[in-house]
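Because the structure is predicted, anything quoted here is derived from the model rather than measured. Protein chains get the first letters and strands the later ones, always in sequence-line order, with residue 1 at the start of each.
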Amino acid sequence: MAELSFKDFATDQEVRWCPGCGDYSILKGVQRALADQGAKPENTVFVSGIGCASRLPYYINTYGFHTIHGRAPAFATGVKLANPELDVWVVTGDGDGLSIGGNHLLHALRRNIDLNILLFNNEIYGLTKGQYSPTSRIGTTSPSTPGGSVDHPVIPGLFAVGAGATFIARAVDIDQKGLPGLLNQASQHKGAAFIEILQNCIVYNKDVFDNVSNKKTAADHQIHVHHGEPLRYGKDGCKGIRLNTKTLRLEAVTVDECDPRKGVPVEDLLVHDETNAALAQMLLTMESPLPMAFGVIHRVAKATFETSFWNAKSKGRREKITHLLQQGTTLDRRK
Amino acid sequence: MKQDLTERTSYVIRFAGDSGDGIQLQGLQFTLASAISGHDLATLPDFPAEIRAPAGTRYGVSAFQIQFGGDRITTPGDSPDVLIAFNPAALVVNLNQLKPGALIIVDESTFTAQRLKRADLATNPLEDGSLADFQVCAIDIAHLTTEAVKPFGLGTKDSVRCKNFWALGLLLWMFDQPRDPAAHWIQRKFASAEAIRNANLAALNAGHAYGETAELGQVLLQHSIPEAPLASVEYRTITGAEATALGLIAAGELANIELMFCSYPITPASSVLHHLADMDEAGVATFQAEDEIAAVCAAIGASYAGKLGVTSSSGPGVALKTEAIGFAVATELPLLIVNSQRAGPSTGMPTKTEQSDLYQAVYGRNADTPIPVVAARSPGDCFDTAIEAARIAMRHMTPVILLTDGYIANASELWPIPDFDSYAPIVTTKPDKDSSGPVFVRDAKTQARMWASPGDPRFVHRVGGIERDYDSGNISYEADNHQAMTNMRQAKVASVANYIPAQELVQGLGAGLAVVGWGSTYGAIFQAVKLALADGLSVAQIHLRHLNPLPSNLAEMLAGYECVLVPELNTGQLATILRDHGVADLAQLNKVSGQPFAVSELIERIRELATPYIHEVKNG
């Protein structure tokens with residue numbers, strides 16, 4: 001059989017997101033990732049909840065299950081347990097996955113069931129017309145918070161660390177170069193892979209990530225982490241991240257290659273260790289003047305739920321119901 | 001007033017004590033001994049929600065009632081002939097239920113000033129004359145048990161804990177029943193604890209010997225009970241939860257499909273999960289989800305992936321599952337929802353029984369979202385009803401609600417083990433190797449679509465809860481399409497009526513009063529109608545398994561009676577549904593006390609409404 005191209009993973013359905021929506025580029029990235037990894041459409045299932053992001057399965061030519069608000073991880077758990085051979089993806093948003101469905105996301109991650117969970121974070125409710133979400137920054141004005149939101153937002157990756165996630169990554173919607181590769185790494189991970197994708201809602205929360213994603217300023221505001229490599233970013237990699245051992249906080253520094261006078265040697269920079277959950281926590285919470293971390297921030301190997309689940313089940317002879325019916329004390333009146 | 005306990009063919013015994021006294025175990029062991037003796041039986045475990053309520057309190061009393069004997073038994077009995085009370089509270093809370101002249105056996109050692117105070121008693125009932133209407137047998141059970149187990153070197157606390165088996169031994173002697181089942185249980189349970197094993201066996205035997213040798217004269221006599229008129233088949237005792245679990249497994253075998261049972265702990269439904277978790281060798285996988293919603297969603301996910309998803313809960317949990325059940329309707333997937341009903345709104349009374357989730361089952365969803373509803377009438381009937389529910393779910397590709405309740409989930413009865421080879425296989429709409437064509441082409445008679453699942457390259461499709469095109473899984477907001485989909489969903493559930501058997505009479509004579517029941521009230525109604533028939537009244541019993549849709553001949557059948565009585569453990573939910581189906585004139589009998597109907601309550605109402613049966617001679 002000829003290999004499928006990313007176009008083969010498109011359906012005949014007209015895509016109904018707003019023109020300019022970040023979801024278009026994520027959709028393309030997903031289709032490309034599926035083509036790159038040689039996914040079989042019949043063995044691939046996209047399970048989604050409710051919201052703009054959750055419409056994605058209609059546009060991917062695999063099995064698709066568009067379920068109810070917040071519950072996609074629970075449906076996906078049933079699908080994966082019933083047939084562990086399937087490659088199961090969950091598509092959710094910041095409202096779907098972290099508000100109404102926070103509980104299910106928590107448990108899917110802690111169980112480490114082999115799902116690829118894509119959380120499109122646009123820090124707003126789109127499909128219900130623009131209310132603030134659990135990732136909205138304090139002061140977000142919306143129809144339900146005309147005076148600005150007052151509650152503290154959740155950091156999706158930090159939530160995943162707390163839940164014991166074994167794979168945590170972050171990406172930007174428009175990063176067509178990096179996104180398919182990252183999705184493939186998530187897909188190859190055995191266990192629950194959590195990928196937060198910053199997504200631009202051009203109608204209700206336009207450019208909320210602009211300082212991070214804008215190509216002009218991205219170099220100074222994004223750091224792409226790679227396991228075993230020093231944490232460097234900025235134009236020509238002139239900047240780096242160092243751990244202040246007195247405060248146990250990260251700080252941005254210039255490397256001496258670019259500034260021999262004030263810069264620090266590369267050996268002083270932190271080396272990314274994706275198995276270190278404490279480092280993951282620090283990277284996920286970095287905010288200006290530190291850059292935002294992208295790539296595979298955390299990855300560890302742990303037993304997957306579906307494997308342990310089936311291993312724990314009895315492997316004995318399959319008992320027939322006629323045998324089970326006669327268990328216990330019986331009174332035999334047959335002649 | 002003395003009751004003659006000797007001249008009876010069946011008896012009602014109630015065991016009562018603290019939740020930690022091993023009352024339920026005692027009842028269970030007595031039940032097994034009765035079954036082996038060839039007696040028909042029905043039991044009622046009646047316990048508080050607290051796991052170990054403070055000792056000696058009235059609200060902490062746990063009880064177990066059994067009716068057993070040589071008759072056809074269908075209820076645990078209205079009022080006990082014998083009460084075994086392990087403390088003053090257990091005596092006083094059960095006193096008003098006893099038959100006049102009933103035998104009361106108490107553990108005398110517990111009637112101390114302190115324990116009387118714990119039970120809010122100002123005076124000692126053994127001395128103040130309040131038990132004058134009964135036969136009282138006060139025995140220092142704690143002392144006699146401690147003496148019997150002395151050789152095994154247990155501490156005082158462990159010694160006294162053996163007293164439930166001492167009392168069981170005495171009761172087994174009284175009713176001439178074998179000790180073997182209890183002895184076997186003790187040997188298995190305490191296989192690795194020699195001292196405790198021997199002590200409990202000694203207690204059991206000592207209680208038995210006490211009956212033989214104590215010569216308590218008229219108070220404690222041995223009764224021999226005739227065997228029940230049983231058929232020439234093999235019997236076992238079974239609870240509703242066990243029968244539900246076995247029925248689900250049986251359905252999987254009949255359909256040649258694996259089951260995925262996804263549930264969240266809730267009283268009194270959890271026992272179904274426990275039984276199934278213990279039977280994973282039988283083609284069922286159990287998954288304890290993080291909440292009720294996740295449980296039903298995972299079950300639907302399993303159905304989507306080609307297994308039969310089953311979820312189980314009680315009313316509050318089913319309420320949480322409601323949205324997902326609607327999703328299974330919309331996506332046309334099979335799903336079983338078992339509701340072990342319990343009493344009251346919100347948390348209500350989790351360990352007490354009621355039939356008040358019928359509206360929830362039949363009507364309780366947003367939009368026009370009909371689903372079939374069936375109800376089991378007795379512990380053993382849960383087996384056949386579970387199979388029937390699964391058959392409907394897979395034949396029509398729809399969720400189905402199976403209603404049981406706290407009473408039949410926990411109660412046990414003597415059950416003829418069915419001949420499983422006589423059950424018809426369950427046919428599904430799963431594609432075979434020659435299948436082709438669109439997934440959403442429906443069977444004209446059942447409205448079932450093809451049960452195609454991921455993994456099959458021929459049927460890759462998308463489907464969801466958004467209204468979708470009649471012929472595909474794709475989104476459609478077209479006006480005509482939504483009408484067609486709504487019509488299809490209604491037609492699907494209506495079509496179930498074409499496959500269910502016509503409603504039959506359970507028993508009856510004449511065209512006077514029809515007593516129409518559903519669910520666990522079957523046994524009590526059966527006895528009440530039987531008594532009424534023996535009185536020469538024109539009365540009939542009709543008991544429904546199918547509640548949505550109703551059997552198609554039901555309305556016509558009921559029109560043939562002068563009067564219809566609907567007894568229910570709710571405020572009139574089936575009555576409303578029947579009125580909705582054109583049964584205009586009906587009388588009700590409703591009770592919501594957390595307890596099953598007593599036969600006496602039913603017979604009283606039947607006598608008010610029924611007229612004597614006059615044999616009509618047709619003019620030639």
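- The residue among B:P418, B:S453, B:P416, B:A330 with the most heavy atom pairs within less than 4.5 Å of chain A is B:S453.
- Residue contact with chain B, scored on non-hydrogen atoms closer than 4.5 Å, involves the backbone and the side chain of A:T67 alike.
- Checked for salt-bridge contact, B:E290 and A:R110 miss the test: no charged N lies under 4.0 Å from a carboxylate O.
- Residue A:F46 does not touch chain B at all, counting heavy-atom pairs closer than 4.5 Å.
- Contacts of A:E85 with chain B are absent, with no heavy-atom separation under 4.5 Å from either backbone or side chain.
- Contact check on A:K313 versus B:E281 returns no salt bridge, with no Lys/Arg side-chain nitrogen under 4.0 Å from an Asp/Glu carboxylate oxygen.
- For chain A, the option among B:A277, B:G301, B:G464, B:C262 with the highest count of heavy-atom pairs below 4.5 Å is B:G301.
- The main-chain N or O of A:L325 is found under 3.5 Å from a side-chain atom of B:R236 such that the two form a donor-acceptor pair.
- When the candidates B:G306, B:P181, B:A294 are compared by the number of heavy-atom contacts under 4.5 Å with chain A, B:A294 comes out ahead.
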Are B:F440 and B:V463 close enough, and set up right, to give a side-chain contact (heavy atoms from CB on, under 4.5 Å), and what steps lead you there? CA-CA 10 Å; B:F440 292 98; B:V463 64; 3.8 Å; yes
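- Using a cut-off of 4.0 Å between Lys/Arg side-chain N and Asp/Glu carboxylate O, B:R468 and B:E478 are scored as not salt-bridged.
- For B:I475, the parts sitting under 4.5 Å from any heavy atom of chain A are the backbone and the side chain alike.
- Contact count versus chain B (heavy atoms, under 4.5 Å) is highest, among A:N83, A:T322, A:N103, for A:N103.
- Among A:N43, A:V79, A:L331, A:T330, the residue with the largest count of heavy-atom pairs under 4.5 Å with chain B is A:L331.
- Remark: the backbone N or O of A:W17 is paired with a side-chain donor or acceptor of A:Y24 at under 3.5 angstrom.
- A distance-only check finds a donor-acceptor pair linking the side chain of A:N112 to the backbone of A:A192 [under 3.5 Å].
- Of the two parts of B:S303, neither the backbone nor the side chain holds a non-hydrogen atom closer than 4.5 Å to a non-hydrogen atom of chain A.
- The contact between B:I36 and chain A is made by backbone and side chain atoms together, counting heavy-atom distances below 4.5 Å.
- Other residues, nucleotides and ligands contribute more than 12 heavy atoms inside 6.0 Å of the NZ atom of B:K430.
- When side chains are defined from C-beta on, A:W89 counts as touching A:L118, because their heavy atoms get closer than 4.5 Å.
- Between chain B and the options A:R55, A:H107, A:R16, the largest number of non-hydrogen pairs under 4.5 Å is found for A:H107.
- Looking at B:L259, there are no atoms closer than 4.5 Å to chain A (heavy atoms on both sides), in backbone or side chain.
- Neither the backbone nor the side chain of A:L106 comes within contact range of chain B, judged by heavy atoms closer than 4.5 Å.
- With hydrogens and angles left out, the side-chain atoms of B:T43 and B:S412 include a donor and acceptor closer than 3.5 Å.
- Ranked by non-hydrogen atom pairs under 4.5 Å with chain B, the options A:S48, A:G101, A:G64, A:P73 are led by A:G64.
- The choice from B:L230, B:L32, B:I293 that makes the most heavy-atom pairs within less than 4.5 Å of chain A is B:I293.
- Interface residue B:A231: only backbone heavy atoms are found under 4.5 Å from chain A.
- A:L81 touches chain B through backbone and side chain together, each having a heavy atom under 4.5 Å away.
- Between B:L414 and B:F68 there is no side-chain heavy-atom pair separated by less than 4.5 Å.
- The neighbour count for B:F30 CZ, taken as heavy atoms of other residues, nucleotides or ligands under 6.0 Å away, is above 12.
- Among the candidates B:E242, B:H184, B:E323, the residue making the largest number of heavy-atom pairs closer than 4.5 Å to chain A is B:E323.
- Chain B forms more heavy-atom pairs under 4.5 Å with one residue of A:H66, A:H104, A:R333 than with any other, namely A:R333.
- Interface summary for chain A: among B:A289, B:G38, B:G309, B:S37, the most heavy-atom pairs under 4.5 angstrom belong to B:G38.
- Only the side chain of A:F305 comes within contact range of chain B, with heavy atoms under 4.5 Å apart.
- If you check the side chains of B:T311 and B:K321, you find a donor sitting under 3.5 Å from an acceptor.
- Residue B:A35 touches chain A through its backbone alone, counting heavy-atom pairs closer than 4.5 Å.
- Contacts of B:F459 with chain A are made by both backbone and side-chain atoms, with heavy-atom separations under 4.5 Å.
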A:F75 and B:Y304: ring pair (Phe, Tyr, Trp, His ring centres under 6.0 Å), yes or no, with the steps? CA-CA 9 Å; A:F75 283 98; B:Y304 172 74; 9.1 Å; no
